[in-house]
Amino acid sequence: MTSPLTLVSENRSFGGWHRRYRHAATSIGCNMTFAVFLPPQAEHGPVPVLYWLSGLTCTDENFMQKAGAHRVAAELGIAIVAPDTSPRGAEVPGDPEGAWDFGHGAGFYVNATQAPWKDHYRMHDYVVHELPALVEANLPVSPRRGISGHSMGGHGALVCALRNPSRYLSVSAFAPISNPMDCPWGHKALSRYLGENRESWREWDACELIVGASERLPLLVDQGEADSFLAGQLKPDALARACAAAGHPLNLRRQPGYDHSYYFIASFIEDHLRHHAAALRG
């Protein structure tokens with residue numbers, strides 16, 4: 001049988017393998033590329049997996065190259081899968097104004113309902129359903145899943161976990177866009193992907209979803225206090241209020257002096273990997 005995955009590249013790393021694959025994604029109607037780190041333990045049987053969702057303008061490569069996650073993932077015996085942040089290609093519409101915060105590199109992990117975005121921008125279905133099914137069928141990983149991400153990807157991680165109870169065993173985020181209904185990035189993305197009816201936005205906003213969540217997975221969130229997007233875009237205080245009102249467990253760590261960059265992520269990624277491993281490995 002022909003594999004649905006095309007190997008793009010591979011590199012030995014901490015006794016395991018970092019690989020990039022390309023495949024035809026049916027949920028979003030275009031070719032997609034994703035990266036996976038397989039720890040040494042994967043040579044002996046399926047290992048649990050952490051799905052990492054990156055932020056605006058990123059691809060699958062940013063986290064794998066800059067976060068410094070491979071060493072600890074190899075120690076803990078967990079795989080990491082990093083998809084791209086949006087559909088791409090000549091057939092996929094981007095921002096008509098050419099901006100960086102919408103379209104290519106800015107899929108926001110939602111299922112678009114508005115033309116011309118609805119035919120391709122279904123990143124939620126891709127990340128939650130199609131990609132895990134593909135990975136679990138073709139690579140030595142188990143259905144024991146965690147999810148994490150940064151900025152737009154932090155928003156995606158929280159929303160994916162909250163919308164899909166029992167799908168993930170753990171969740172965390174770095175500097176997530178916590179309340180996209182109430183920030184400029186969210187307004188732009190949700191109004192275009194979902195339309196102007198703000199009621200339809202609620203199912204893609206972590207602060208709204210927490211209110212009625214049927215599952216109370218503990219949230220680990222790190223936020224840099226020197227992040228230039230902190231007040232205007234990220235709204236961690238809104239997330240804290242929503243969790244407090246709903247009784248949802250939240251460990252919100254405010255890190256003095258840290259900004260929005262991968263220096264921030266690399267500084268605390270070990271804590272997040274151990275948070276996930278505690279749930280994924282039981």
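Along the sequence shown, residues are numbered consecutively beginning with 1. In what follows, every heavy atom counts, from backbone to side chain, and hydrogens, waters and symmetry copies are set aside.
- Judged purely by atom type and a 3.5 angstrom limit, W201 uses its side chain to pair as donor or acceptor with the backbone of G195.
- With ring centers used as reference points, H70 lies 6.0 Å or more from F14.
- At least one side-chain heavy atom of I80 sits less than 4.5 Å from a side-chain heavy atom of L273.
- At a threshold of 4.5 Å between side-chain heavy atoms, the hydrophobic network of Ile, Leu, Val, Met, Phe, Trp and Tyr places I265 and L53 in two separate groups.
- The number of heavy atoms from other shown groups lying within 6.0 Å of CZ (R22) does not exceed 12.
- Side chains of D259 and S261: a donor on one and an acceptor on the other come within 3.5 Å.
- A donor-acceptor contact shorter than 3.5 Å is absent between the side chain of E270 and the backbone of V72.
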Candidate pair Y51 and V127, rule side-chain contact (heavy atoms from CB on, under 4.5 Å), full reasoning = CA-CA 8 Å; Y51 289 85; V127 165; 5.5 Å; no
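- Side-chain heavy atoms closer than 4.5 Å link hydrophobic residues (I, L, V, M, F, W, Y) into clusters, and following such links, possibly through other members, connects V49 to V128.
- Following chains of ILVMFWY side-chain contacts shorter than 4.5 Å, one cannot reach I269 starting from V81, and the two form parts of different hydrophobic clusters.
- Inter-residue side-chain proximity for L56 and T85 is flagged as unmet; no heavy-atom pair is nearer than 4.5 Å.
- No chain of hydrophobic side-chain contacts below 4.5 Å, direct or via other Ile, Leu, Val, Met, Phe, Trp or Tyr residues, connects Y168 to L50.
- A distance-only check finds a donor-acceptor pair linking the side chain of N111 to the backbone of D125 [under 3.5 Å].
- At a threshold of 4.5 Å between non-hydrogen side-chain atoms, the residues P4 and N138 count as touching.
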inquiry  = As a quick check of understanding, evaluate side-chain contact (heavy atoms from CB on, under 4.5 Å) for N164 and H129, giving each step before the final call.
reply    = CA-CA 10 Å; N164 297 276; H129 300 294; 4.1 Å; yes
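- A salt bridge does not link K235 to D205: none of the charged nitrogens lies less than 4.0 Å from a carboxylate oxygen.
- Between L139 and Y21, some side-chain heavy-atom pair lies under the 4.5 Å cut-off.
- Here the side chains of Q233 and I177 are not in contact, with every heavy-atom distance at 4.5 Å or above.
- A distance-only check finds a donor-acceptor pair linking the side chain of R144 to the backbone of A279 [under 3.5 Å].
- The shortest distance between side-chain heavy atoms of E225 and Y258 does not fall below 4.5 Å.
- Not less than 6.0 angstrom separates the ring centroid of Y109 from the ring centroid of H155.
- H150 and Y262 have their aromatic ring centers within a separation under 6.0 angstrom.
- Ring centroid separation for the pair F102 and F108 does not come in under the 6.0 Å cut-off.
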request  = Dump the intermediate steps for side-chain contact (heavy atoms from CB on, under 4.5 Å) on H276 and S148, then the final yes or no.
outcome  = CA-CA 9 Å; H276 289 281; S148 186; 3.7 Å; yes
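- Considering only heavy atoms from C-beta on, L5 comes within 4.5 Å of F34 through its side chain.
- Comment: R254 engages D237 in a salt bridge, judged by a side-chain N to carboxylate O separation of less than 4.0 angstrom.
- Looking at Q255, its side chain never comes within 3.5 Å of a backbone N or O of D222 through a donor-acceptor pair.
- A single hydrophobic cluster is seen to contain both V171 and L131, as judged by linkage of ILVMFWY side chains at heavy-atom distances under 4.5 Å, directly or through other members.
- Using a distance-only test at 3.5 Å, with no hydrogens or angles considered, a donor-acceptor pair links the side chain of R198 to the main chain of M181.
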message = Could you go through I210 and L239, starting from their C-alpha distance and side-chain angles, then the distance that decides it, and tell me whether this counts as side-chain contact (heavy atoms from CB on, under 4.5 Å)?
response = CA-CA 9 Å; I210 280 169; L239 181 65; 3.5 Å; yes
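- Ring geometry for H272 against F174 counts as parallel: the plane angle stays under 30°, on a 0 to 90° scale with 60° as the upper cut.
- Side-chain N or O atoms of R163 include one that pairs as donor or acceptor with a backbone N or O of E203 at under 3.5 Å.
- When ring centroids are compared, W185 and F229 come within the 6.0 Å threshold.
- Proximity of T33 to T59: side-chain heavy atoms (C-beta onward) are nowhere separated by under 4.5 Å.
- A donor-acceptor pair under 3.5 Å links the side-chain atoms of Y121 to the main chain of P93, judged by distance alone.
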